[in-house]
Amino acid sequence: MAKLNQIIAVEKGVKSKSFQDITTAHHKVQKPALLAGISRTYQPKDEEGEQLPPESTRVQIKAEDVLREMSASLTRLFDVTATKDWANCTARADVTVDGRTIIADVPVSYLLFLEKQLTDLHTFVKKLPVLDAAESWTLDPSTDWWKTDPVRTIRTKKVPRNHVKAEATDKHPAQVEVYYEDVPIGYWTTVKFSGAFPARRINELVGRVEKLQQAVKFAREEANSVEVTDQCVGDAVFGYLFG
C-alpha cells in the first residue's frame, strides 16, 4: 500500500504530463485538415477523353480517439489528486518540542500553514531591535524601560580673551589678539532609555521559533507517512462526461 508522501511525490509529474496531454489534444482538434478525408475518382466524358488517377486523403485524427486519450490522462490525475486529498483528511501528527506536545493531532494541511507562518515569524524575530552593545543597560522598574547609568558631562561657554602680542610704546599702540577660551559653566547628566530587546532575549526567541519549525517539519513528515487508499474517481467523472 502506498504512503501519502509517495503520492505527493508523483503528483507533480502526473500534473505536468496531464497538462502536456491536454495541450496536445487541443492542438490536434484545432487542425481541421487532420480530421478531414476525401476520395474521388474521375471518369472522362467519352472513351477518347483523358484518364486521371483517383485521389484520396485519409483521416489522420479521429476526435473520439483524442477524447479517449485525454480522458485516460486526466483520469490518472483525478485519481492521484483524490487519493492525496482523501488521505489529507486523516493524516495527522503531534507537534512536539523537547518531549512536550505543543499541538496534538494536527491535520497535515494545518502543518503546512504553520510552516509558512513560522518562516515569516523567524524573519520578524531576527530583525527585532536590539540594545546597543556599547552601553551598559539595566531595567528601570518605574518605567519598565531599559536605561544606562548616568553620565556627567561639562557644559562650556566660549569666553573672549585678549592676548597682548606687543606692549604699547610711545610710537606704536599695543598689538592685541582676541581668542576664545572654553570656560565650564555647568554640567549635563545624561541617562539613555530604550524599549529594544537585550541580545540574549532575541537569541532565545529565535531559538524557540527554530525549534518549533523543526518540530512542525518532523510532524508533517510523520503525517505524510500515513498509508493511503487509492481513490478511483476519474472513471466515474469521464464516464459521465464523455461516455
Side-chain angles (χ1 to χ4, degrees), residues 1-31 34-35 61-127 204-243:
M1 185 177 286
K3 294 186 176 181
L4 178 54
N5 51 18
Q6 294 172 319
I7 296 297
I8 292 172
V10 303
E11 183 188 25
K12 185 176 181 181
V14 172
K15 279 184 177 179
S16 177
K17 183 179 183 305
S18 295
F19 177 77
Q20 292 174 0
D21 291 345
I22 293 170
T23 302
T24 300
H26 176 73
H27 289 164
K28 281 182 179 179
V29 296
Q30 295 303 312
K31 296 177 179 178
L34 298 179
L35 296 162
I61 292 176
K62 196 176 168 186
E64 195 66 45
D65 292 340
V66 173
L67 205 60
R68 185 164 50 251
E69 291 168 3
M70 188 186 72
S71 297
S73 179
L74 283 175
T75 293
R76 173 64 176 153
L77 173 63
F78 278 40
D79 288 351
V80 167
T81 303
T83 300
K84 181 198 72 173
D85 289 346
W86 259 254
N88 277 340
C89 294
T90 57
R92 295 170 178 265
D94 295 344
V95 177
T96 304
V97 178
D98 295 334
R100 173 189 171 192
T101 299
I102 306 299
I103 318 174
D105 204 26
V106 187
V108 70
S109 56
Y110 193 75
L111 290 170
L112 291 169
F113 164 78
L114 275 180
E115 278 194 69
K116 171 64 171 63
Q117 295 301 311
L118 288 172
T119 297
D120 295 342
L121 279 172
H122 187 265
T123 301
F124 174 77
V125 170
K126 289 200 75 171
K127 293 184 177 180
E204 176 191 353
L205 293 173
V206 170
R208 287 188 182 185
V209 173
E210 289 176 349
K211 272 190 174 183
L212 191 54
Q213 283 180 303
Q214 292 301 317
V216 169
K217 287 180 181 178
F218 182 83
R220 177 170 55 81
E221 290 300 322
E222 184 180 350
N224 283 339
S225 67
V226 67
E227 292 184 341
V228 299
T229 301
D230 289 335
Q231 302 294 328
C232 299
V233 300
D235 285 341
V237 172
F238 292 102
Y240 167 74
L241 289 176
F242 304 139

Inset, instruction - I would like to know whether R76 and V80 meet side chain to side chain contact (heavy atoms under 4.5 Å, CB included); could you show each step before the answer? - result: CA-CA 6 Å; R76 173 64 176 153; V80 167; 3.3 Å; yes
Inset, instruction - Heavy atoms only: give me the nearest T75-F238 pair and the separation to one decimal. - result: OG1-CD1, 3.5 Å
Inset, instruction - Give, for atom CG of D120 and atom CD of E115, the distance between the pair rounded to the nearest 0.5 Å. - result: 12.0 Å
Legend entry - Carboxylate-amine/guanidinium proximity below 4.0 Å for R68 and D65: yes
Legend entry - Q117 CD to Q213 CD distance, which is reported to the nearest 0.5 Å: 11.5 Å
Legend entry - Heavy-atom pair of closest approach, residues L4 and A91: CD2-CB, 3.7 Å
Inset, instruction - Might you point out which heavy atoms bring V206 and K126 nearest each other, and give the distance in Å? - result: CG2-CG, 3.7 Å
Legend entry - Main-chain N/O of Q20 paired with T24 side-chain donor or acceptor, under 3.5 Å: yes
Inset, instruction - Could you tell me whether K15 and E11 make a salt bridge, using a distance below 4.0 angstrom between a side-chain N and a carboxylate O? - result: yes
Inset, instruction - Compare every heavy atom of A93 with every heavy atom of A219, then report the nearest pair and how far apart it is. - result: O-CB, 3.3 Å
Inset, instruction - Using a cut-off of 6.0 Å, state whether more than 12 heavy atoms not belonging to F242 lie near its atom CZ. - result: yes
Inset, instruction - State whether the side chain of S18 and the backbone N or O of L74 hold a donor-acceptor pair below 3.5 Å, judged by distance alone. - result: no
Legend entry - Which atom of K31 lies closest to which atom of H27, heavy atoms considered: CG-O, 3.4 Å
Inset, instruction - Give a yes or no on whether E64 atom CD has more than 12 heavy-atom contacts from other residues, nucleotides or ligands under 6.0 Å away. - result: no
Inset, instruction - Drop me the distance from T119's OG1 to H122's NE2, to the nearest 0.5 angstrom. - result: 9.0 Å
Legend entry - F78 side, atom CZ; T83 side, atom OG1 - distance, nearest 0.5 Å: 13.0 Å
Legend entry - Main-chain N/O of A87 paired to T90 side chain as donor or acceptor, under 3.5 Å: yes
Inset, instruction - I would like to know whether V233 and D79 meet side chain to side chain contact (heavy atoms under 4.5 Å, CB included); could you show each step before the answer? - result: CA-CA 6 Å; V233 300; D79 288 351; 3.9 Å; yes
Legend entry - Non-hydrogen atoms of L35 and A63 that approach each other most closely: CD2-N, 4.0 Å
Legend entry - Atom pair CZ/CG of R220 and L114 - distance to nearest 0.5 Å: 11.5 Å
Inset, instruction - Evaluate the side-chain proximity of N224 to L111: yes if any heavy-atom separation is below 4.5 Å, no if none is. - result: no
Inset, instruction - Answer yes or no: is there a donor N or O on one side and an acceptor on the other, between the side chain of S73 and the main chain of E69, under 3.5 Å? - result: no
Legend entry - From OG1 (T96) to CD (E222), nearest 0.5 Å: 8.0 Å
